[in-house]
Amino acid sequence: MTPQTLRNYIDGRWTASEAAEAAEVHNPATGEVIARAPLSTAAEVGAAVAAAGAAFQEWRETPPLVRARAMFRLKGLMEGRFEELARVITTEHGKIIDEARGEVRRAIENVEVACGLPALLMGYNAEDIAVGIDEEAVLQPVGVYACIAPFNFPAMVPFWFLPYAIGCGNTYIVKPSEVCPMSQNLLFELLDEADLPPGVVNLVNGARGTAEALLAHPGVAGVSFVGSTPVARQIYATAAAHGKRAQCQAGAKNCLVVMPDADLARAVPNLLTSAFGTAGQRCLAGSLVLAVGGAYEPLKERLVAAAARLKVGDGLDESVQMGPLATRQAQERVLGYIERGLAEGARLLLDGRGVTVPGYPDGYFVGPTIFDQVRPEMAIAREEIFGPVLGIIPVANLDEALEIINGSPYGNAASLFTDSGRAAREFRYRARCGNIGINIGIAAPIATFPFAGMKNSFFGDLHGQGRDAIQFFTDRKVVISRWF
Ligand code: NAD
């Protein structure tokens with residue numbers, strides 16, 4: 001079957017891109033090309049911005065309750081195609097089907113929270129700020145917003161933003177990742193069925209050039225970016241140079257601290273899911289275990305034994321526990337890091353190189369990999385590997401663990417496993433990371449909370465989801481009145 005070239009969704013219509021080039025989308029379990037994502041032109045970005053701009057006035061005047069009804073319809077449509085969405089995610093990305101289901105659930109949760117926007121959009125007022133003078137604050141939508149999305153949660157990440165943006169009365173443009181664009185394209189079929197006025201939501205496929213056209217376009221008021229740190233930093237600066245507001249969620253290097261009093265039977269499955277879930281391609285993935293004192297020996301043994309048992313294969317097979325990496329380049333990068341770890345003197349306890357999956361000779365697989373005797377200055381301890389590679393660093397105490405965490409340029413997530421409330425309090429208070437887990441391996445905030453992140457893991461001030469999203473997608477206007 002010839003892989004289809006994906007279309008753009010602009011002004012309520014599916015349109016074929018005129019771009020001369022397209023990115024190949026692969027099924028990473030088989031290596032097959034399954035679709036092509038056109039690298040849409042600046043003119044196509046311009047058409048999407050024009051459509052979104054033209055739709056804005058009427059959409060902002062649409063009562064929030066009516067806008068919320070579209071969110072209720074969208075939720076129903078997503079529930080109806082839940083399993084299909086999950087299968088598309090697994091096919092384009094490689095993550096196991098249960099993780100894909102979790103991703104769809106998280107996307108829906110954001111739509112559910114946006115169903116409550118009519119209440120969340122209420123302003124506030126004060127009478128008699130001076131004699132006979134009243135003051136009120138109202139929240140107003142801003143205009144056209146855009147999302148530049150990463151490959152690793154291709155369905156969910158744009159939904160950290162889109163439901164809030166349009167629920168607040170803005171109009172929206174999504175540029176999905178060119179690596180995994182298919183689930184977002186399917187979600188736009190559902191947005192099309194949700195009966196939104198033309199131009200309220202638009203989808204423009206593409207890669208860097210398409211993103212740059214969005215950033216440069218004067219009709220775009222704000223940008224939500226999620227992706228790697230170098231690109232996030234650049235997009236934040238470019239957005240500011242063009243006078244746009246921006247929230248840029250970026251890369252990570254997350255530590256999992258295990259205290260000697262931790263319940264290892266409970267901690268180990270958590271650590272495994274954190275490090276090897278989605279084949280390590282989560283911005284919240286734990287990639288270093290800091291084993292405190294006596295935790296080190298027993299933890300090391302249990303981790304290696306449990307990781308060695310993980311079944312690697314095609315994520316669509318329900319018995320598989322870890323899928324492939326998303327691309328051949330990612331596989332090569334991760335294999336390169338394993339070589340680097342060895343060259344730096346770390347000890348390989350579990351080697352994921354050369355893993356074979358019967359029937360899938362061309363898949364981008366790397367098995368669970370664990371390094372011991374890792375030192376904080378090694379590249380495998382400092383850099384984001386974004387693959388199933390876990391390093392263990394023995395530390396003397398919690399202070400030393402916090403020093404390593406706070407010495408990292410990243411600040412996305414950190415977890416502590418302990419039985420001690422005092423240690424937990426110390427950790428949550430002192431760790432300079434935005435998402436903290438206490439006996440939780442993946443500290444993923446639900447939709448009513450901001451997806452936090454600090455240092456080089458986030459550029460901006462208002463995060464995705466929760467109350468932050470409402471602030472990002474509105475202006476606060478103050479009205480002071482006196483009547484004679
Ligand atoms: P990426 O930075 O390569 O690409 C992200 C998006 O930016 C894509 O849509 C891509 O087309 C576009 N892009 C790439 N280069 C660009 C440029 N120079 N200018 C403008 N746009 C550009 O990231 P990725 O590989 O898709 O995603 C993985 C990264 O995302 C990891 O670093 C991961 O930690 C991070 N991530 C962070 C979070 C978070 O919330 N902090 C969540 C998910 C993923």
Side-chain angles (χ1 to χ4, degrees), residues 21-23 25 37-40 42 45 92-93 95 103 106-107 146-161 173-181 184 203-217 220 223-239 241-242 244 246-254 278-287 325-327 329-330 333-334 383-387 408-413 433-435 442-445 449-460 463-466 468-469:
E21 286 179 275
V25 182
L39 305 187
S40 300
V45 166
E92 67 178 342
H93 176 281
K95 66 179 70 177
E103 175 173 353
R106 287 279 173 152
C147 170
I148 300 167
F151 79 85
N152 67 327
F153 282 90
M156 175 187 74
V157 164
F159 276 64
W160 282 348
F161 313 107
I173 302 168
V174 174
K175 190 212 78 68
S177 162
E178 68 280 17
V179 178
C180 301
Q184 204 53 223
L203 173 83
V204 184
N205 288 287
R208 175 180 180 164
T210 312
E212 285 172 344
L214 276 168
L215 286 165
H217 200 295
V220 176
V223 178
S224 302
F225 169 85
V226 180
S228 59
T229 292
V231 179
R233 184 184 275 115
Q234 188 186 326
I235 286 190
Y236 191 56
T238 310
H242 288 280
K244 303 184 197 314
Q247 46 180 191
C248 300
Q249 302 187 198
K253 187 77 187 172
N254 306 314
T278 314
Q281 299 165 108
R282 285 195 286 219
C283 66
L284 294 174
S287 100
L325 289 153
T327 60
Q329 295 89 311
R333 189 193 62 242
V334 172
E383 297 174 14
E384 181 176 44
I385 299 174
F386 224 53
S408 165
Y410 294 106
N412 213 36
C433 290
N435 304 287
I442 289 281
F449 287 85
F451 193 103
M454 295 178 179
K455 300 193 276 182
N456 284 354
S457 296
F458 180 70
F459 301 89
H463 297 83
Q465 301 194 148
D468 278 31

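One-based numbering, in listed order, for ligands and for the atoms of each.
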For this session: Would you check whether Glu384 has a nitrogen or oxygen atom less than 3.5 angstrom from a nitrogen or oxygen atom of ligand 1?
Result: yes
Exercise. Which of the atoms in ligand 1, numbered in the order shown and given with their element, are less than 4.0 Å from a heavy-atom of Ile148?
Worked result: 6 (C), 7 (O), 9 (O), 12 (C)
Exercise. What's the spacing between Trp160 CH2 and Asp468 CG if we round to 0.5 Å?
Worked result: 13.0 Å
Exercise. Atom NE2 in His93, atom CG in Asn152: separation rounded to 0.5 Å?
Worked result: 5.5 Å
Problem set entry | Which residue and heavy atom of the protein sit nearest atom 23 (O) of ligand 1, plus the separation | Ser228 N, 3.4 Å
Exercise. Any idea which protein heavy atom is nearest atom 24 (P) of ligand 1, and the distance to it?
Worked result: Phe151 CD2, 3.6 Å
Exercise. Looking at ligand 1, does any of its N/O atoms fall within less than 3.5 Å of an N/O of Val157?
Worked result: no
Problem set entry | Contact atoms of ligand 1, heavy-atom distance to Asn152 under 4.0 Å | 43 (C), 44 (C)
Exercise. Who's the nearest protein heavy-atom neighbour of atom 27 (O) of ligand 1, and how far?
Worked result: Pro150 CB, 3.4 Å
Problem set entry | Close side-chain approach of Lys253 to Ile385, heavy-atom, < 4.5 Å | yes
Problem set entry | Beyond-backbone contact of Phe449 with Asn435, side-chain heavy atoms, under 4.5 angstrom | no
For this session: Heavy-atom contacts with Asn412 under 4.0 Å: which atoms of ligand 1 show up? List them by number with element.
Result: 41 (N)
For this session: Enumerate the atoms of ligand 1 whose separation from the nearest heavy atom of Cys283 is less than 4.0 angstrom.
Result: 34 (O), 36 (N), 37 (C), 38 (C), 39 (C), 40 (O), 41 (N), 42 (C), 43 (C), 44 (C)
Problem set entry | Nitrogen or oxygen atoms of Ala149 and ligand 1 under 3.5 Å apart | yes
Exercise. Is the closest N or O pair between Gly227 and ligand 1 shorter than 3.5 Å?
Worked result: yes
Seminar exercise, completed: closest protein heavy atom to atom 17 (C) of ligand 1 is Arg208 CG, 3.4 Å
Exercise. For the atom pair CD1 (Ile148) and CZ (Phe161), what is the distance rounded to the nearest 0.5 Å?
Worked result: 10.5 Å
Exercise. Quick one: does Trp160 get an N or O within less than 3.5 Å of an N or O on ligand 1?
Worked result: no
Exercise. Strictly under 4.0 Å, does any heavy atom of Ala207 approach an atom of ligand 1?
Worked result: yes
Problem set entry | Gln249, any N or O under 3.5 Å of ligand 1 N or O | yes
Exercise. Hey, does Gln249 have a side-chain heavy atom less than 4.5 Å from the side chain of Cys283?
Worked result: no
Problem set entry | From Pro176, Pro154, Ala211 - option closest to atom 21 (N) of ligand 1 by heavy atom | Ala211
Problem set entry | Heavy-atom check, side chain of Glu103 versus side chain of Pro154, under 4.5 Å | yes
Exercise. Measuring to protein heavy atoms, does anything land under 4.0 Å from atom 9 (O) of ligand 1?
Worked result: yes
Problem set entry | Distance filter under 4.0 Å to Gln234 heavy atoms, resulting ligand 1 atoms | 18 (N)
For this session: Check Val220, Thr210, Val45, Thr238 against Leu215 for a side-chain contact (heavy atoms from CB on, under 4.5 Å) and give me the one that passes.
Result: Thr238
Problem set entry | Shortest protein contact, atom 37 (C) of ligand 1 (heavy atom only) | Ala250 O, 3.1 Å
Problem set entry | Nitrogen or oxygen atoms of Phe225 and ligand 1 under 3.5 Å apart | no
Problem set entry | Min heavy-atom dist Phe386 to ligand 1 below 4.0 Å | yes
Exercise. Near Phe451, which atoms of ligand 1 are under 4.0 Å from a heavy atom of that residue?
Worked result: 39 (C), 40 (O)
Exercise. About how many Å separate OH of Tyr410 and NZ of Lys455, when rounded to the nearest 0.5 Å?
Worked result: 11.5 Å
For this session: Quick one: sort the Phe386 and Phe151 rings into parallel, tilted or perpendicular, breaks at 30° and 60°.
Result: perpendicular
For this session: Using a strict cut-off of 4.0 Å, indicate which atoms of ligand 1 neighbour a heavy atom of Ile235.
Result: 20 (C), 21 (N)
Exercise. Taking C-beta and beyond as the side chain, do Glu384 and Ser287 meet within less than 4.5 Å on heavy atoms?
Worked result: no
Exercise. In the protein, what heavy atom is nearest to atom 13 (N) of ligand 1, and what distance, to one decimal place, separates them?
Worked result: Val231 CG1, 4.0 Å
Problem set entry | Atoms in ligand 1 with a heavy atom of Glu178 nearer than 4.0 Å | 10 (C), 11 (O)
For this session: Using only heavy-atom distances, determine whether the side chains of Thr278 and Lys95 contain a donor-acceptor pair under 3.5 Å.
Result: no
Problem set entry | Interatomic spacing from CD in Glu212 to CD in Gln234 - rounded to 0.5 Å | 6.5 Å
Problem set entry | CG-NZ distance between Leu214 and Lys175, expressed to the nearest 0.5 angstrom | 8.5 Å
Exercise. Asn254 side chain to Ala285 main-chain N or O, any donor-acceptor pair under 3.5 Å?
Worked result: yes
